[in-house]
Amino acid sequence: MPELPEVETVRRGLEKMILGAKIEHVKVLYPKIINGDPSDFCRLLQEREILSLDRRGKYLIFNFSGDLSMISHLRMEGKYFVKKSSDPLEKHTHIVFFLHNGRQLRYNDVRKFGRMELVPTVQRYEVAGIKKLGPEPTAALFDATSFFANLRKKKKVIKTTLLDQTLVAGLGNIYADEVLWLSRIHPETPACNLTEDDAKLLHDNIIAELAKAIKAGGTTIKTYTDAFQHSGSFQFDLHVYGKKGKPCERCGTSIEKIVVGQRGTHFCPSCQKVK
DNA sequence: CAAAGTGTTGGCTC
DNA sequence: AGAGCCAACACTTT
């Protein structure tokens, strides 16, 4: 499910619904979701107020009163819902945060890949995973010159490089395929073979495409919904992801699907050539 | 029924 | 030390 635009959409939804809410207690139904001791997790969260919500890359960060933060990664299928306590518990809801106003924040995750952990707020950007993230994909933070310099040091192919989060944060499998198509770069091009013009174009497309996807409320392929259980609409703006066998919008060539770094990868064999 | 799926991590090798 | 590769995680859908 969630790449940066989807996580940001979830963050904005939660911000509207649970800011200022107080946690009375927490129930952990599937302990492996929690990094660290689940009973410590529940105990530490009691009586905390939800002060703000941050995001870094695909990580959601809940900031509580008393210098405590919760780092939450949704991985493939994680979702948050806000429900009344009387609403029946959904299948695959694994963590329930009981709020003071008779509502519950519920974490739901079919594949149970998501993880959450508590850290002092001052350390929230220092945890493993977040610490190694590249810059946020915005004009203010993501610099084209250093992006090009970093690409030249990478021996991996460009698709794998974009997915590893270290040169720029937030791209996942869908948006990686999309920005490579927009930039006319073959996903298996070694990152170090990209020209400065390629890097600049890719840089600009990454910033523009993720911003556009946030505006659309993210991409719903199978199951993604935001905290209001609303679908996104960016799936209607996709050019190659899920378009195997369909004509390329630029040249009419049939879109191909291959596997790159264990991930399904879509591209146009005619306008994206390996260099 | 086998395979693939929106993501990261840990263990391995070089 | 650091980069790169790949299996593992758990369950549903095709």
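Values below: every heavy atom of this structure, side chains too, minus hydrogens, waters and symmetry copies.
- Between the CZ atom of A:Arg115 and the P atom of B:dT8 there is a distance of 13 Å, rounded to whole Å.
- Formation of a donor-acceptor pair under 3.5 Å by the A:Ser85 side chain with backbone atoms of A:Gly102 is found in this model.
- Taken residue by residue, residues 107-114 of chain A places heavy atoms nearer than 4.0 Å to DNA chain B at A:Arg111, A:Phe113.
- Listed in residue order, the members of residues 176-184 of chain A having a heavy atom less than 4.0 Å from DNA chain B come to none.
- Side chain of A:His92 to main chain of A:Glu90: no donor-acceptor pair is present (N/O by atom type, distance under 3.5 Å, no hydrogens or angles).
- Checking C:dA10 for Watson-Crick or G-U wobble geometry (two distances, each under 3.5 Å) identifies no partner in any strand.
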Letter per nucleotide, 5' to 3', of nucleotides 9-14 of chain B [B base touched, S only sugar-phosphate touched, - untouched; heavy atoms, 4.0 Å]: S-----
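- With C:dA10, C:dC11, B:dG7 as the choices, the nucleotide that has an atom nearest any side-chain atom of A:Lys58 turns out to be B:dG7.
- Remark: P of B:dG7 and NZ of A:Lys79 are 13 Å apart, rounded to the nearest angstrom.
- If you check B:dG5, B:dG7, C:dC11 against the side chain of A:His73, the one that comes closest is B:dG7.
- For the pair A:Glu47 and A:Lys22, the salt-bridge criterion is met [side-chain N within less than 4.0 Å of a carboxylate O].
- Rounded to whole angstrom, the span from the CG atom of A:Leu167 across to the P atom of C:dG2 amounts to 16 Å.
- Below 30°, between 30° and 60°, or above 60°: for A:Phe97 and A:Phe62 the angle between ring planes is below 30°, a parallel geometry.
- Taking the C1' atoms as reference points, B:dA4 lies 16 Å from C:dA7, given to the whole Å.
- In terms of heavy-atom proximity, A:Gly218 sits nearest to A:Gln235 at O-OE1, 4.1 Å.
- Picking from C:dC9, C:dC11, B:dG5 the nucleotide with the shortest atom distance to the side chain of A:Lys32 gives C:dC9.
- Applying the 4.0 Å criterion to OP1 and OP2 of C:dT12, one finds that A:Lys91 has a side-chain N or O inside that range.
- The CD-P distance, from A:Glu188 to C:dC5, rounds to 12 Å in whole Å.
- For A:Tyr107 and A:Tyr30, the distance between ring centers is not under 6.0 angstrom.
- Comment: A:Asp54 engages A:Arg124 in a salt bridge, judged by a side-chain N to carboxylate O separation of less than 4.0 angstrom.
- Note on A:Gln165: a side-chain N or O is less than 4.0 Å away from OP1 or OP2 of B:dT8.
- Spacing between atom CG of A:Leu60 and atom P of B:dG7 amounts to 15 Å, rounded to whole angstrom units.
- Checking the phosphate oxygens (OP1, OP2) of C:dT12, a side-chain nitrogen or oxygen of A:His92 falls inside 4.0 Å.
- Distances shorter than 4.0 Å separate some side-chain N or O of A:Arg263 from OP1 or OP2 on B:dG7.
- Going from the P atom of C:dT12 to that of B:dT8 covers 22 Å, rounded to whole Å.
- Taking atom CG of A:Leu163 as the reference point, atom C1' of C:dC5 lies 14 Å away to the nearest angstrom.
- Counting to the nearest Å, the P atom of B:dT8 and the CE atom of A:Met116 are 15 Å from each other.
- Relative orientation of the A:Phe142 and A:Phe147 rings is perpendicular, given thresholds of 30° and 60° on the angle between their planes.
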